[in-house]
Amino acid sequence: MNPDVRVRFAPSPTGLLHIGGLRTALYNYLFARHHGGTFVLRIEDTDQARYVDEAEQDILKSLAWAGLHPDEGPAVISTDEKTSDADATGGEAKNISRIDFDTDIENGQGAMDGEMDYKGTFGPYHQSRRRSRYSMHAQQLVDSGHAYYAYDTVEEIEHMRERLRTPENPNPKYDAQTRMQMRNSLTLSEQDLQELVEEGAEYVVRLKVPQGETVPFEDMVRGPVSFETDELDDQVLLKADGMPTYHLANVVDDHEMKISHVIRGEEWLSSAPKHILLYRFLGWEPPVMAHLPLIMSPSGGKLSKRKAEEEGIPVNVRDYRRDRYERDAVINFLTLLGWSPGDDRELLTLEEITREFSIGRVGKSGAIFDFKKLLWFNEHYMRQRDEGELAEELMALIRERGLPGKESLSEKEQALASDKDFLAGMVRLLKERVSRLPEFLEAGGFFFEAPAQFDEKAVKKGWKEDTPARITRYRDQIAGLDDAAFRADELKRILTEMVEAEGVGFGKLMMPLRVAVTGAGSGPDLFGTLELLGRDEVTGRLDAALQKLG
RNA sequence: GCCGCGUUCGUCUAGGGGUCUAGGACGCCGCCCUUUCACGGCGGUAGCACGGGUUCGAAUCCCGUACGCGGUACCA
């Protein structure tokens, strides 16, 4: 147990939580829990232009759904959604403190104005509320000669790039070579500078990257990595709107929040040297870094929203929540996308994973999102669950979105949809045949309503001239059964007796019976289905089918 | 273009010089079970990117090539 281990998940509220983001959060969580450390959630809302209002709530809810409860960070505000609080390791909730930030409310962002609930004492956990710290440290960097003010407009920078752009160098940098040709505190005269300040000209603060240095560091996933400073550009640290860029904010916050390990996606690897430089110039000890391999789309490349959707993969965690994926399945699947316990085990609980997790066993190469495998995990965990529980979820699902392909529910459907025993019966019959909860409704539509049409192929194959007579005889037999006798085994007994007496195969009667009652040529156990439907419903459907099919 | 990172069955991976004629899982195919379809059981298919080294011996170490991915913003 190492209480000094402090990690953070630091999403930007520019959109709904991405499934790849969830994995990053998961690995941070696992690392923290494994070491008995602290899992911090920090909101990196420094990009005003891309801020999405609902994003933060979505992040909070998605993490809660996944069972990854931060020890520190913004508290979940609305609790309208059913979430499982079962934290596998029973991570005790730390005290919730109500903090009032007088100096940091300078940039109120609507609902985030004023007081806010945070867990933990290193807050505020919104970067937009920590502005004064960034400008203070930016100033410190300027004073120590490691950063400078730049007054170039975006147009001027673009002109510089255009001027210098060649086929060999398509993206000229603002660096040691070019900065002396630009308008900044390194090139402008004292007087010009003074004037600019007086007229309140917009400026940014840029990192003054030293020349000819090698920045080596040890990555927990990749081992030794190094970059040349000549390849880096003079990264903007403080934007013209006064907000810090990710690079500054992330370094300042990680230091102030005593983050010991930075575990993030590989897309950050190339900016790691800039961060190392910042730590050095600020006189701080950098945290240990770990860059996780990316999750890839089946067609290659980062699993982007567009790509994923083209390939039928849900990307937003919200999609998984909405379609009632099993939490354990998603976690199990995501865990194994880049990590393995080192042996043949694949079905692992959060508790087991937490116990055994180590960054050392994280792979180095990108992992393609194998949707079919996720489905396999989902089936596994779903089938393990209690039928009554699944029935209740189905009930909620129907209440939320009705039945597939239906505008509204009839009175009868309404009644069935709120009959837990009926739904549990459906679950029992369909459990082994569906991959996701909503599929119960798709595969079991006939439980709610008699078939409007009959599968053509099945009719052609099973409905012969002598069929109606046989169906009628069976119908009449079971119509005489009282409620207690209308049971699967009895219904089967009767049918068996009948086909044996007639000297024909079982399917001769079973098949058309299935078509008549369910409309399809295949499906769940027929006799269980008949029992669940009940005598009156079954005989009614048989009468209707006899009429329609002749 | 430049920089960085990576490369074991279609996919996720085990493997860290000999025990590898490379193991598991998903997928796919076949067989069995069976009232259909599933589930389940059994079996099968398929891989060390390529080329050089090092070594008695390389999937494992080194170099190069190819390919892939990421970065190259006043986005994160």
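Each chain gets a letter, A, B and so on, in the order the sequences are listed, and its residues count up from 1. Just so you know, these numbers use all the heavy atoms, side chains as well, and skip hydrogens, waters and symmetry mates.
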Can you check the distance between [N] and [M], where both ends of the measurement are the [atom1] atom (answer in whole Å)?
N: B:rC5; M: B:rG41; atom1: P; answer: 44 Å
N: B:rC69; M: B:rC75; atom1: P; answer: 27 Å
N: B:rU45; M: B:rC26; atom1: C1'; answer: 14 Å
N: B:rU7; M: B:rC61; atom1: P; answer: 10 Å
N: B:rG24; M: B:rC67; atom1: C1'; answer: 28 Å
N: B:rC20; M: B:rG47; atom1: C1'; answer: 13 Å

Just to confirm, is there a sub-4.0 Å distance from OP1 or OP2 of [N] to any side-chain nitrogen or oxygen of [X]?
X: A:R206; N: B:rC74; value: yes
X: A:K274; N: B:rU72; value: no
X: A:K302; N: B:rG71; value: yes
X: A:K239; N: B:rC75; value: yes

Choosing from [options], which nucleotide comes nearest the side chain of [X]?
X: A:K492; options: B:rU35, B:rA76, B:rC3; result: B:rU35
X: A:E267; options: B:rA76, B:rC28, B:rA73; result: B:rA76
X: A:T245; options: B:rC26, B:rG70, B:rC74; result: B:rC74
X: A:S270; options: B:rU36, B:rU72, B:rG70; result: B:rG70
X: A:R161; options: B:rU35, B:rC74, B:rA76; result: B:rC74
X: A:S522; options: B:rU36, B:rC5, B:rG23; result: B:rU36
X: A:M511; options: B:rC74, B:rC26, B:rU36; result: B:rU36
X: A:M510; options: B:rC39, B:rU36, B:rC75; result: B:rU36
X: A:W376; options: B:rC74, B:rA38, B:rA25; result: B:rA25
X: A:N171; options: B:rG1, B:rA76, B:rC28; result: B:rG1

Could you tell me the separation between the [atom1] atom of [X] and the [atom2] atom of [N], rounded to a whole number of Å?
X: A:E432; N: B:rG41; atom1: CD; atom2: P; result: 11 Å
X: A:E156; N: B:rA73; atom1: CD; atom2: P; result: 18 Å
X: A:I295; N: B:rU11; atom1: CD1; atom2: P; result: 16 Å
X: A:R264; N: B:rA76; atom1: CZ; atom2: P; result: 13 Å

- Would you mind telling me which residue lines up with the more 5' stretch of RNA chain B, A:G300 or A:R514, judged by nearest nucleotide?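 Checking each residue's closest nucleotide, the 5'-ward one belongs to A:R514.
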- Select from A:F227 and A:D233 the residue whose nearest nucleotide in RNA chain B is closer to the 5' end of that strand.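 Final value for this comparison: A:F227.
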- Query: Do A:R222 and B:rC5 share a donor-acceptor pair, side chain to base, under 3.5 Å?
  - Reply: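 No.
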- Message: Using a 4.0 Å cut-off on heavy atoms, which residues in residues 356-367 of chain A reach RNA chain B? List them by number, or say none.
- Response: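 The stretch gives A:R361, A:K364, A:S365, A:G366, A:A367 as the residues lying under 4.0 Å from the strand, ordered by number.
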- Would you confirm whether A:S340, through its side chain, and A:L336, through its main-chain N or O, come within 3.5 Å as a donor-acceptor pair?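 Side chain of A:S340 to backbone of A:L336, a donor-acceptor pair under 3.5 Å: no, none is there.
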- Applying ring pair (Phe, Tyr, Trp, His ring centres under 6.0 Å), run through A:H275 and A:F217 and close with a yes or a no. CA-CA 11 Å; A:H275 305 160; A:F217 63 94; 9.7 Å; no
- Query: Within 45° of the axis and under 6.0 Å from the centre of the six-membered ring of A:Y474, does NZ or CZ of A:R470 qualify?
  - Reply: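 No cation-pi geometry.
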- Under 6.0 Å from the six-membered ring centre of A:Y174 and within 45° of its axis: does the NZ or CZ of A:R179 meet both?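 Ring-cation test returns no.
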- Query: What closest approach, in Å, do A:L238 and A:A138 show between heavy atoms, and which atom pair accounts for it?
  - Reply: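 Where A:L238 meets A:A138 most closely, the heavy atoms are CD2-CB, 3.8 Å.
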